[in-house]
Amino acid sequence: MSENKRTEQEIVRREKANELRDNGIDPFGSRFDRTHNIKTFKEAFGSYSKEEIKELELDEPVRIAGRVMSRRVKGKAGFAHIQDQYGQIQIYVRLDNVGEDQYQLFKKGDIGDIVGVIGKPMITHTGELTVKTETFVHLTKALRPLPEKYHGLQDIEERYRRRYLDLIMNEDSKDTFILRSKIIQEMRSYLNDKGYLEVETPILHPIAGGANARPFVTHHNTLDMPFYLRIAPELYLKRLIVGGFDGVYEIGRLFRNEGISIEHNPEFTSLELYLAYSDLEGMMDLTENMINHITNETIGTDTITYNDQEIDLSKGWRRIKMTDLIKEETGVDFTDIDDFEEAKKLAKERGLDVPDHFRSMGHIINLFFESFCEESLTQPTFVHDYPIEVSPLTKKTPDDERFTERFELFIAGREYANAYTELNDPDDQYERFKNQLKEKELGSEEANDMDRDFIEALEYGMPPTGGIGYGIDRLVMLLTGAESIRDVLLFPHMRPREGNQS
RNA sequence: GCGCCAUUAGCUCAGUUGGCAGAGCAAUUGACUCUUAAUCAAUGGGUCCUGGGUUCGAAUCCCUGAUGGCGCACCA
């Protein structure tokens, strides 16, 4: 920020920083060893009475540090609240106790400064656990004022662009990201306990495969070739199942060059997992058990309210075929319809728009599902047996070649996971890739390219395998009650503002 | 990409019919040794998002652009 754009308050704070230097104090000071953070301080001293705490003999004084969030300086004594990751604690600074120099330091300090205090616990007349300061240490000068103390930072754009301020001012926001971390931690520990191996596969892909999505393109200089940021790790993880691992998973970022919305960010975090010798049923059982474990360990319940809907995440989720669900919602039974033109007619009768690259029944069935069923799936539901045309990497169902052993998990009208009994017949896989290429020619920008190396891997033999991918951001939204994906991403993508900035 | 809405002090927000730009917090100065949205007194702080237009006069009306939010489309 150029000097001529500084506000009055910024100028004053810079002057104060210079005054500190003049007094031999580094405005951006150094290490301060703490005996407690605010949480452990409250745990250690929160249960004493006012009298007990006065009598308390400490081996060493308490050393605690944090950002000044409010101050009430009144003549020759004053209070302030300081904040660290775990919360706020009041400090009491009194001229008699700290001496003139340190008292001036406290008095001239600003909200937003970071300070250390050395002292003893006390309880005020109003009953608040407080640090009675014996030594007051300036640690870091804040050169800009914090947002207003009572309302905090309200502006949604500012909260996304300057997340650090949001984290300082809005406890809810901080709690969301702590919970996000816990959710992923519990996911890992659940899977590790079950014997899955966590792996990392390339993010730069020569062929963008494993999902239907438009990729980001980049370029490698030395190899002088294009690379795609991965849209899915699927084809690499399956190579690892060929390689003999029983169960593998990867938690990581996927990149899809598509619209940004309340539930889409160009990069998002997924869990993708494969289990040898398993199948679709195995993935359903795993999903129920894992999400149940996560919710119980993180939020301590399996009944949640999301968007004013009560959702029961306890085990025993509904499992229903896509065609049965469509029949339930619309009365149309696609298992009885064989003719594409008839299906197309049914779709148009119901006001659905059928794009050119839709050349078969399966696309119409999927369209019906997305248009008429998805939204009403409030309670956790596994919708299975997807049309083969929209599932290029999935095994066919044994009883009907038009459908595949695939499910998606829906909760609160939104998709959370996508699972398959994996296709392990290399010749079948080859044909599916070829069909994808045809779709691409017909205008589908998301269709897969042929991955010959992957076919070759399958030719060595992949055991029967169940696979699943989860959208972690959405799971976090569900468990934190966030309405927008941006509320669970620390730094959601924003268009750069004029000038520079990210 | 399309539609609707928003943008006023560092922050949270008012601003009437088009008629001098406002409050609270924060800041500055002073008083105050258990306050807690501390209190009291005084003071300073504005590209009213940008650029045009209408008008004697625009924060306010019209047009353009920027950024954001929401909805639609695409998708997970």
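So that the names make sense, note that chain A is the first sequence line, chain B the second, and so on, each numbered from 1.
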Quiz item: Between B/rU35 and A/Arg71, is there an OP1 or OP2 to side-chain N/O distance shorter than 4.0 Å?
Solution: no
Quiz item: For B/rU33, does OP1 or OP2 lie under 4.0 Å from any side-chain N or O of A/Arg72?
Solution: no
Exercise. For B/rU50 versus B/rU64, give the span between their C1' atoms, rounded off to a whole number of Å.
Key: 10 Å
Exercise. Could you tell me whether the side chains of A/Glu422 and A/Thr465 share a donor-acceptor contact shorter than 3.5 Å?
Key: no
Quiz item: Thinking salt bridges, do A/Arg214 and A/Glu258 make one under a 4.0 Å N-O criterion?
Solution: no
Quiz item: Does the ring of A/His151 meet both stacking tests against the six-membered base ring of B/rU12: centre distance under 5.5 Å and plane angle under 30°?
Solution: no
Quiz item: If you look at every strand shown and take non-hydrogen atoms under 4.0 Å, does A/Lys132 touch a base, only sugar-phosphate, or nothing?
Solution: nothing
Quiz prompt | First encountered from the 5' end of RNA chain B, between A/Thr130 and A/Asp155 | solution = A/Asp155
Quiz item: Expressed in angstrom and rounded to an integer, what is the separation of A/Glu258 atom CD from B/rA76 atom P?
Solution: 7 Å
Self-check item: Any A/Arg495 side-chain N or O less than 4.0 Å from OP1/OP2 of B/rU67
Solution: yes
Quiz prompt | Separation of the P atoms in B/rC20 and B/rA27, to the nearest angstrom | solution = 31 Å
Exercise. Measure from OH on A/Tyr150 to C1' on B/rA37 and round the result to the nearest Å.
Key: 6 Å
Self-check item: Runs of at least three Watson-Crick or G-U pairs with RNA chain B, cut-off 3.5 Å
Solution: B:1-7 with B:66-72, B:10-13 with B:22-25, B:27-31 with B:39-43, B:51-53 with B:61-63
Exercise. May I ask you to say what A/Arg486 touches in the nucleic acid, namely base, sugar-phosphate or nothing, with a heavy-atom cut-off under 4.0 Å?
Key: sugar-phosphate
Quiz prompt | Within the 6.0 Å centroid threshold, strictly below: A/Phe403 and A/His384 | solution = no
Quiz prompt | Short side-chain to backbone donor-acceptor contact, A/Glu375 and A/Gly413, under 3.5 Å | solution = no
Exercise. For B/rC40 versus B/rC48, give the span between their P atoms, rounded off to a whole number of Å.
Key: 32 Å
Quiz item: Counting any heavy atom closer than 4.0 Å, what does A/Met169 reach on the DNA or RNA strands: base, sugar-phosphate only, or nothing?
Solution: nothing
Quiz prompt | Under 4.0 angstrom between A/Arg414 side-chain N/O and B/rA76 OP1 or OP2 | solution = no
Quiz item: Is A/Glu408 touching bases, backbone alone, or none of the nucleic acid, heavy atoms closer than 4.0 Å?
Solution: nothing
Quiz item: Which part of the nucleic acid, if any, lies within contact of A/Thr124, taking any heavy atom under 4.0 Å across all strands shown: a base, the sugar-phosphate backbone alone, or nothing?
Solution: base
Quiz item: Among B/rC70, B/rG68, B/rG44, which is the nearest nucleotide to the side chain of A/Ile262?
Solution: B/rC70
Quiz item: Using the P atom in both, what is the distance from B/rA14 to B/rG53, to the nearest Å?
Solution: 31 Å
Quiz item: With a 4.0 Å cut-off on heavy atoms, is A/Tyr416 in touch with a base, just the backbone sugar-phosphate, or nothing at all?
Solution: nothing
Practice problem: Using the P atoms only, state how far B/rA26 lies from B/rG68, rounded to an integer number of Å. | Solution: 32 Å
Self-check item: Exercise: do A/Thr135 and A/Gln102 side chains pair donor with acceptor under 3.5 Å
Solution: no
Self-check item: A/Lys74 side chain near B/rU39 phosphate (N/O to OP1/OP2, under 4.0 Å)
Solution: no
Exercise. Indicate whether A/Phe79 forms a stack on B/rA38; treat it as stacked only if centroid distance is below 5.5 angstrom and interplanar angle below 30 degrees.
Key: no
Quiz item: How long is the line joining CG of A/Leu153 and C1' of B/rC25, in whole Å?
Solution: 14 Å
Quiz prompt | Spacing of the P atoms in B/rU55 and B/rG46 (rounded, Å) | solution = 31 Å
Quiz item: Quick one: do A/Arg180 and A/Asp473 make a salt bridge, cutoff under 4.0 Å?
Solution: yes
Quiz item: Between A/Asn265 and A/Ser484, which has a closest nucleotide on RNA chain B that is more 5'?
Solution: A/Ser484
Quiz item: Closest to the A/Arg474 side chain: B/rA76, B/rA26, B/rU33?
Solution: B/rA76
Quiz item: Between B/rU33, B/rG10, B/rU28, which nucleotide has the shortest distance from any of its atoms to the side chain of A/Arg94?
Solution: B/rU33
Quiz item: Does any donor atom in the side chain of A/Thr298 or A/Glu186 lie under 3.5 Å from an acceptor atom in the other side chain?
Solution: no
Quiz prompt | Rounded distance in Å - CD (A/Glu157) to C1' (B/rU7) | solution = 9 Å
Quiz item: Touch check for A/Glu415, heavy atoms < 4.0 angstrom, all strands: base, sugar-phosphate only, or nothing?
Solution: sugar-phosphate
Quiz item: Considering only side-chain heavy atoms of A/Ile111, which listed nucleotide, B/rG69, B/rA26, B/rG45, is closest?
Solution: B/rA26
Quiz item: Of the candidate nucleotides B/rA73, B/rG10, B/rU35, which contains the atom at the shortest distance from the side chain of A/Gln9?
Solution: B/rG10
Exercise. Could you state the atom-to-atom distance from CD of A/Glu158 to P of B/rC49 in whole Å?
Key: 15 Å
Practice problem: Please state whether the phosphate of B/rC11, meaning OP1 or OP2, lies under 4.0 angstrom from any side-chain nitrogen or oxygen of A/Lys149. | Solution: no
Self-check item: Euclidean distance for C1', B/rC49 against B/rU67 (whole angstrom)
Solution: 8 Å
Practice problem: May I ask you to decide whether A/Asp385 forms a salt bridge with A/Arg406, counting only side-chain N to carboxylate O separations under 4.0 Å? | Solution: no
Quiz item: For atom C1', what is the distance between B/rA58 and B/rU47, given to the nearest Å?
Solution: 15 Å
Quiz item: Just checking A/Asn212: base, sugar-phosphate only, or nothing, at a heavy-atom cut-off of under 4.0 Å?
Solution: sugar-phosphate
Please list every donor-acceptor pair under 3.5 Å in which a side-chain atom of residues 72-80 of chain A meets a protein atom from a residue at least two apart or in another chain.
unit_1: A/Arg72; atom_1: NH1; unit_2: A/Ser70; atom_2: OG; d: 3.4
unit_1: A/Arg72; atom_1: NH2; unit_2: A/His81; atom_2: ND1; d: 3.3
unit_1: A/Arg72; atom_1: NH2; unit_2: A/Gln90; atom_2: OE1; d: 2.8

Quiz item: With sequence neighbours left out, what residues match A/Glu267 under salt bridge (Lys or Arg N to Asp or Glu O under 4.0 Å)?
Solution: A/Arg253
Quiz item: When all nucleic acid strands are considered with a 4.0 Å heavy-atom cut-off, which category describes A/Gly78: base, sugar-phosphate, or nothing?
Solution: nothing
Self-check item: Touch class at under 4.0 angstrom, heavy-atom based, for A/Gly259 against every strand present
Solution: base
